[in-house]
Novice: 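Pasting a structure here, questions to come.
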Amino acid sequence: MQDRVLINDLAAREDGPVRVSGWVEKVRDQRHVQFVVLRDESGAVQLVNGGVLREPDPENPRSDILVPRTRTISELTHGTFVTVGGELQHNERVKLGGVEIQIDEISVVTAALPDNPVADDSGIDVRLDWRFLDLRRPEQNLVFRIQTTFLHALRQVWVDRGLIEIQTPKLMASASESRAELFEVEYFEGKAFLAQSPQFFKQMAQAAGFGGIFEVGPAFRADPSFTSRHATEFTSIDMEISWVDSHVDVMDLHEELMVAGISAVEEKHGEEIQKLFGVELAVPSRPFPRIPLAEAKEIVKAEGYEIPRADADMDPEGERRIAAHVKQKYGYDFVFLTDYAASIRPFYHMRHEGDASLTNSYDLIYHGVEISTGAQREHRIEVLEAQAVEKGMDPAELGFYLDFFRYGVPPHGGFGMGLNRVLMLMLGQSSIRETTYLFRGPNRLLP
């Protein structure tokens, strides 16, 4: 590994020799002094060349060093990658971190073209075309450090509870729920489908006796939607646990995970989030408000909004309105909407005991947007088959899945949650394109 110091470690070092590497962000080429702002993956620092000499001077014994250095700095372009050796100096008058480096030597590792295709006012499509340049922005760098912290906190909860991490296949012989929104691909002499979710495989782990599992991996939806919260490929956070009494057990663990994740992010990145995104991250207390869907509809209706859907579901505007109600009344950014109608839920969701029109399920709403669906699953084979038929599905096409329940499976439940959508809402961003490393949508397959 190269002998260099990360920029965010400079403040803790004593004055003296230091070597750093990074991308040139800004050059101020003044008559008698040159300033360079250099950024690496951890932060930015000011470099100073006080020995400016633009033409050879026979009377200056350091002319052969100073002239090339001055010319090198004058010719630096935005994004050029350089390595710099010099003297670290603490200086409280320097606004950028309170330190600066007096340049002794500078070498260009790779030069950048002078015309950067991404400007400060470039739109999202241009920035996505040149995503590797867009990702150099401090805001984007922070997004993925936050993602790392958030996922690590979730994994810590799961591992401490004894859950097992699995990686399920993304090529499937048949649909996981229905044939809607499926990508079909050629597979040797036949066809395969890209997995919409790991649902069936999560439940297989319960039949296998794993007790509880989690996965963070890609999911695919052939959805021709261009909204700010949809993608054709996204990262799904999934969990499934055995021995639940109802969907309430799933909600309890779900909110524990969210509190742990947001707490870790706030502790490690809270100040940077405030600085770069203007968001003061709030760690929620438990339990989150829980409102049956029918009651939520009545609340928004009483406040002047009638859900304009023909089915029994809540629409996005209704979700925003019930979230605003909860925020105003209870001070929460989260709310569980529970007890969804069986008519709008998958066949494998367990029905209410005594009321088959409702399911033991929920959606988790965060800042007015649905981020997750969870439920207790139906584990009784005869009920499961009947519900599949009721949904117009052929049990013969679900053979491998239904076999899980013919050899003993405990009561279980779980959820699936979109990682990029959570990050978008956490950071107050307008689109998941900002919180997805490489976005995939109906009209985007590059880069």
Side-chain angles (χ1 to χ4, degrees), residues 143-144 146-155 157-159 163-172 174-178 180-183 185 192-206 210 212-223 225 227-241 247 250-251 253-255 257-258 260-262 334 336 345-346 348-349 361-366 369-375 377 401 412-426 429 431-442 444:
V143 165
F144 296 98
I146 289 169
Q147 175 179 291
T148 301
T149 299
F150 181 75
L151 288 176
H152 178 74
L154 267 57
R155 280 193 169 92
V157 173
W158 284 320
V159 170
L163 274 68
I164 297 170
E165 183 168 9
I166 63 172
Q167 287 78 41
T168 60
K170 305 310 168 192
L171 286 170
M172 301 180 66
S174 62
S176 58
E177 297 180 17
S178 70
E181 299 183 351
L182 277 173
F183 284 111
V185 298
F193 302 96
L194 296 181
Q196 294 172 307
S197 84
Q199 183 58 46
F200 287 2
F201 301 119
K202 290 192 300 179
Q203 290 186 261
M204 188 183 80
Q206 310 314 298
F210 279 30
I213 60 91
F214 65 94
E215 178 179 16
V216 180
F220 303 87
R221 298 285 171 92
D223 182 359
S225 175
T227 75
S228 62
R229 59 180 183 169
H230 288 94
T232 53
E233 179 181 354
F234 61 95
T235 300
S236 184
I237 300 172
D238 285 272
M239 182 198 78
E240 202 79 16
I241 52 175
H247 57 307
V250 182
M251 286 192 288
L253 183 48
H254 198 162
E255 68 184 16
L257 289 161
M258 297 307 297
I262 294 173
F334 289 93
F336 284 110
R345 287 309 211 198
Y348 52 80
H349 280 196
S361 70
Y362 67 85
D363 278 0
L364 180 56
I365 311 299
Y366 181 32
V369 178
E370 177 259 312
I371 59 171
S372 176
T373 295
R377 320 304 186 187
Y401 171 72
H412 59 280
F415 68 80
M417 181 169 68
L419 171 62
N420 314 107
R421 195 178 290 187
V422 172
L423 294 173
M424 173 189 77
L425 297 164
M426 183 188 299
Q429 296 299 285
S431 171
I432 62 169
R433 292 159 179 78
E434 302 284 6
T435 54
T436 303
Y437 183 66
L438 289 172
F439 175 76
R440 291 291 179 260
R444 182 166 290 278

Novice: Rounded at 0.5 Å granularity, tell me how far CD1 in I146 sits from CD1 in I262.
Specialist: 11.5 Å

Novice: Compare every heavy atom of A231 with every heavy atom of F439, then report the nearest pair and how far apart it is.
Specialist: CE1-CB, 3.5 Å

Novice: Go through the side-chain N and O atoms of Y401 and Q203 and say whether any donor and acceptor fall under 3.5 Å apart.
Specialist: yes

Novice: Run E233 and R221 through salt bridge (charged side-chain N to carboxylate O under 4.0 Å, His left out) and show every step you take.
Specialist: CA-CA 6 Å; E233 179 181 354; R221 298 285 171 92; over 6 Å; no

Novice: How far apart are the closest heavy atoms of G416 and D238, and which atoms are they?
Specialist: CA-OD1, 3.4 Å

Novice: Over 60° means perpendicular and under 30° means parallel, so classify the ring planes of W158 and F214, tilted if in between.
Specialist: parallel

Novice: Measure the CG-CZ distance between L438 and R440 for me, rounded to the nearest 0.5 Å.
Specialist: 5.5 Å

Novice: Would you call the rings of F220 and F183 parallel, tilted or perpendicular if under 30° counts as parallel and over 60° as perpendicular?
Specialist: perpendicular

Novice: I'd like to know whether CZ of F144 has more than 12 heavy-atom contacts from other residues, nucleotides or ligands below 6.0 angstrom.
Specialist: yes

Novice: Look at the rings of F200 and Y348 and say which category their plane angle falls in: under 30° parallel, 30 to 60° tilted, over 60° perpendicular.
Specialist: perpendicular

Novice: Can you name the closest pair of heavy atoms from V250 and A375 and give their distance?
Specialist: CG2-O, 4.1 Å

Novice: Test side-chain contact (heavy atoms from CB on, under 4.5 Å) on E255 and F334; report intermediate values, then the result.
Specialist: CA-CA 9 Å; E255 68 184 16; F334 289 93; over 6 Å; no

Novice: Measure the shortest side-chain to side-chain distance between I371 and D363 over non-hydrogen atoms and say whether it is less than 4.5 angstrom.
Specialist: no

Novice: Measuring from L419:CG to L154:CG, what's the distance to the nearest 0.5 Å?
Specialist: 9.0 Å

Novice: Under the 3.5 angstrom rule, does the side chain of R421 hit a backbone N or O of V369 as a donor-acceptor pair?
Specialist: no

Novice: Looking at OH of Y366 and CE of M424, how far apart are the two atoms once the value is rounded to the nearest 0.5 Å?
Specialist: 10.5 Å

Novice: Over all heavy atoms of both residues, which pair between P442 and T232 is shortest? Give the atoms and the distance, please.
Specialist: N-CG2, 3.9 Å

Novice: May I ask you to say whether E215 pairs ionically with K202, meaning some side-chain N is under 4.0 Å from a carboxylate O?
Specialist: no

Novice: State, to 0.1 Å, how close T235 and N420 come at their nearest heavy-atom pair, and which atoms those are.
Specialist: N-OD1, 3.3 Å

Novice: How close do H254 and S372 get, heavy atom to heavy atom, and via which atoms?
Specialist: CE1-OG, 3.0 Å

Novice: To the nearest 0.5 angstrom, please state how far the CD atom of E434 sits from the CG atom of L423.
Specialist: 12.0 Å

Novice: Within a strict 4.5 Å, meaning less than it, do heavy atoms of the T435 and M426 side chains meet?
Specialist: no

Novice: Going by the rule side-chain contact (heavy atoms from CB on, under 4.5 Å), which residues pair with S228 if we only count those two or more places apart in sequence or in a different chain?
Specialist: S431

Novice: Could you work out, with side-chain hydrogen bond (donor to acceptor under 3.5 Å, both in side chains) as the rule, every residue matching R377, not counting sequence neighbours?
Specialist: Q199, E240

Novice: Could you check whether any side-chain heavy atom of M417 comes within less than 4.5 Å of a side-chain heavy atom of S236, counting everything from C-beta outward?
Specialist: no

Novice: Hey, are H230 and T227 close enough side-chain-wise for a donor-acceptor pair under 3.5 Å?
Specialist: yes

Novice: Considering residues at least two apart in sequence or located in another chain, which fulfil the side-chain contact (heavy atoms from CB on, under 4.5 Å) criterion with T148?
Specialist: none

Novice: Less than 4.5 Å apart, any side-chain heavy atom of I237 and any of L151?
Specialist: yes

Novice: Do V157 and V159 touch side chain to side chain, with heavy atoms closer than 4.5 Å?
Specialist: no

Novice: So do the side chains of F415 and L257 get within less than 4.5 Å of each other, counting heavy atoms only?
Specialist: yes

Novice: Which is it for I213 and F201 under the side-chain contact (heavy atoms from CB on, under 4.5 Å) test, yes or no, and what are the steps along the way?
Specialist: CA-CA 10 Å; I213 60 91; F201 301 119; over 6 Å; no

Novice: Are Y362 and H247 an aromatic pair by the rule of ring centers under 6.0 Å?
Specialist: no

Novice: Apply side-chain contact (heavy atoms from CB on, under 4.5 Å) to the pair L364 and M251, showing each step before the final yes or no.
Specialist: CA-CA 9 Å; L364 180 56; M251 286 192 288; over 6 Å; no

Novice: Taking it one step at a time, do E370 and T373 satisfy side-chain contact (heavy atoms from CB on, under 4.5 Å)?
Specialist: CA-CA 8 Å; E370 177 259 312; T373 295; 3.9 Å; yes

Novice: Quick one: pull up CE in M172 and CZ in F193 and give me the separation to the nearest 0.5 Å.
Specialist: 9.5 Å

